Amino acid sequence: MNSKLKNVLLLLVMVLICTMPAQAFAKTEIVVTDNGWDSQKLHNEIARIIVENAYDGYVLKTSTASSTMNWQAIIAGDVDLDIESWTDNVATYPKDVANGDIVDVGVLAPDSNQGFYVPRYVIEGDAKRGIKPMAPGLKTVKDLAGYHKVFPDDEDKDKGRIYGSIPGWMADEVLHKKYELYGLNKNYNYVRLGSEATLFASLVAAYNLGEAWVGYCYEPTWVSGKLDLVLLQDEPYDKELFEKGATAFPSQQLKIVSSKYFAKKAPDLLEFFKKYRTGSRLIAEALAYLDEKKVSHSEAAKWLLKTHGDLLDQWLPKEKAERVRAVL
Amino acid sequence: MEYLFKFPESLRIGNGEAIDIAVKAFSRNHRETLGLIKSAIIASINSINTLLEAIPWPLLILLVAYMGWKVSKKPYVGPMYAAMLFFIGMCGLWENMLETISMVIVAVFLSVMMGFPLGIIVAMSKRTSAVVRPILDLMQTMPAFVYLVPAVILFSPGKTPALIATTIYAVVPMVRMTNLGIIHVDKEMVEAASAFGSTKMQLLSKVQIPQAMPAIMAGLNQTIMMAMSMVVTCALIGANGLGMEILLATNRTEMGKALMPGISIVIVAIILDRLTQGLIKKEASTE
């Protein structure tokens, strides 16, 4: 028993010694959040290509966790960056920025949308798939009140079903208030699914069968890139009324935020992240490519940088852009 | 040398796209059958839920307290259980608890209905055992998320996929413990029964199953615990109840708020555990 223990210890020491040189010459690790959704993964991979090729001495790592856990990790400084941050969905964001725990680096995408979506065939029908329009007059969220029979809830036959956002997101709180404010609670059940994977699975399942579906979705995602969805209209955005659920979501800015230590840790990278900017349509295009061709996020990132060659010039000085081009 | 350390890319197989397509096609082609299964499951869960909701809460608390006292024979257990349930009500989680319990009841019922006979069959034949055991291992270790999404595609989110996921997880101990219990029945007892000319069915119903009862009851108890432990996972696919409250709170990093439903789950689990454990002991003492 004792000699066995000794052997194991010896082995451990050997392994440590062998890996030490590698540790000593390691590059600076830049840790970015991976909260589990596709557009963020894609943005991370694009950043990886640039950080690891255009600059020397950096390697990009991802921290996979839920968005709230990762947010705490950025505040603590364990994670450096959230490249695609839905700051409007983070309740404590204004306070954290004011305290200096979170630093705004730049705006990644200026034009993201969220709200209640329906597949286009629900309103217009789809002759190719033999689907007749189910709710031809449906344009706004308020119109939903008259269409609860179109979106039946199998578990409660008399009511319709609206899929809310992910529990705990700001969007979910606002939508739930809206659901009560607009009187949709009379005829609808508000169903929350615990994760995006299952929320999108429910949408894909309904789309696959050509059934009606109404619920929360956002752009850019692979879903909005691949399926033909319509955002239901709502009252124009107003800051105070919005929190009561009375208006549409503002067209959100997706931000790049960092920990307070990042600027010191990698000042040269900060220049890039300030300029790093994509857009809803661009990312939806890449995500649809990813889903269609079944390629990895990093391959989709390469594909996007290749097909939109001007992006690199917008983000990087000329000589660095060339270095990235060389590896594509 | 590199090919020795890097698995060759040419040997890679696809990403399972064929399975995606097959699942989607299956859900399109078997809508009616799937719809039937779904409405049966929903109806059974809902009817148990209505039944539980029809019991006035003081009565339910008294009932549990009485059973606790009856089973444990200790005077302080009844009031303790009553206080624990009362605490759940004070947290505002009474309805959520009933919803969770009705799911657990249906899942446990299904697990027993399937697991008990399967356990007997596995105990009877070595060949079935060789096939079933790795499948049981798979059911216990396969991360629930892998089959949650296809279940959602087939049954749309809600109680149905949640129940299926719970049952997949909870049926395993029932099969295992039934199987073990029957295998470990005293050989001489079985031989004696055979010598007196009992048929296989008589042997099973009069000797093996009664002898294996403590193990089977332990299996039932484990099944209940497993079903309870799945409630948070089930909240991910739209099954309401205590799990959803936890999810809502943890996603907002409201640790305190998550603690209440967390404790409630523990309370429900403890009470269910002690009550079934008590039944096992009773069973054993009457032997």
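Quantities reported herein were computed from a predicted structural model and do not represent experimental measurements. Just so we're on the same page: letters track the sequence lines, and every chain starts at 1.
One side chain, B:Asn221 or B:Thr276, offers a donor N or O that lies under 3.5 Å from an acceptor on the other. A donor atom on one side chain and an acceptor atom on the other are not found under 3.5 Å apart for A:Asn35 and A:Trp71. When only modelled atom types and interatomic distance are considered, A:Ser63 and A:Asn70 share a side-chain donor-acceptor pair under 3.5 Å. No hydrogens or angles considered: a donor-acceptor pair under 3.5 Å links the side chains of B:Asn96 and B:Glu245.
Partner of A:Tyr163 under the ring-ring contact (aromatic ring centres under 6.0 Å, His included) criterion, out of A:Tyr216, A:Trp213, A:Tyr190: A:Trp213 alone.
Among B:Met244, B:Lys24, B:Lys38, the residue with the largest count of heavy-atom pairs under 4.5 Å with chain A is B:Lys24. The candidate from A:Val191, A:Asn208, A:Ile166, A:Thr198 with the greatest count of non-hydrogen atom pairs under 4.5 Å with chain B is A:Asn208. Heavy-atom pairs under 4.5 Å with chain A were tallied for B:Thr160, B:Thr233, B:Leu247; the largest tally goes to B:Leu247.
A donor-acceptor contact shorter than 3.5 Å links the side chain of A:Asp153 to the backbone of A:Glu155.
For chain B, the nearby part of A:Glu173 is the side chain; its heavy atoms alone come within less than 4.5 Å. Interface residue B:Leu236: backbone and side-chain heavy atoms are both found under 4.5 Å from chain A. For B:Phe145, the part sitting under 4.5 Å from any heavy atom of chain A is the side chain, from C-beta outward, and nothing else. B:Asp20 touches chain A through its side chain: at least one heavy atom from C-beta onward sits under 4.5 Å away, while N, CA, C and O do not. At a 4.5 Å heavy-atom cutoff, the contact between A:Asp172 and chain B is made by side-chain atoms alone.
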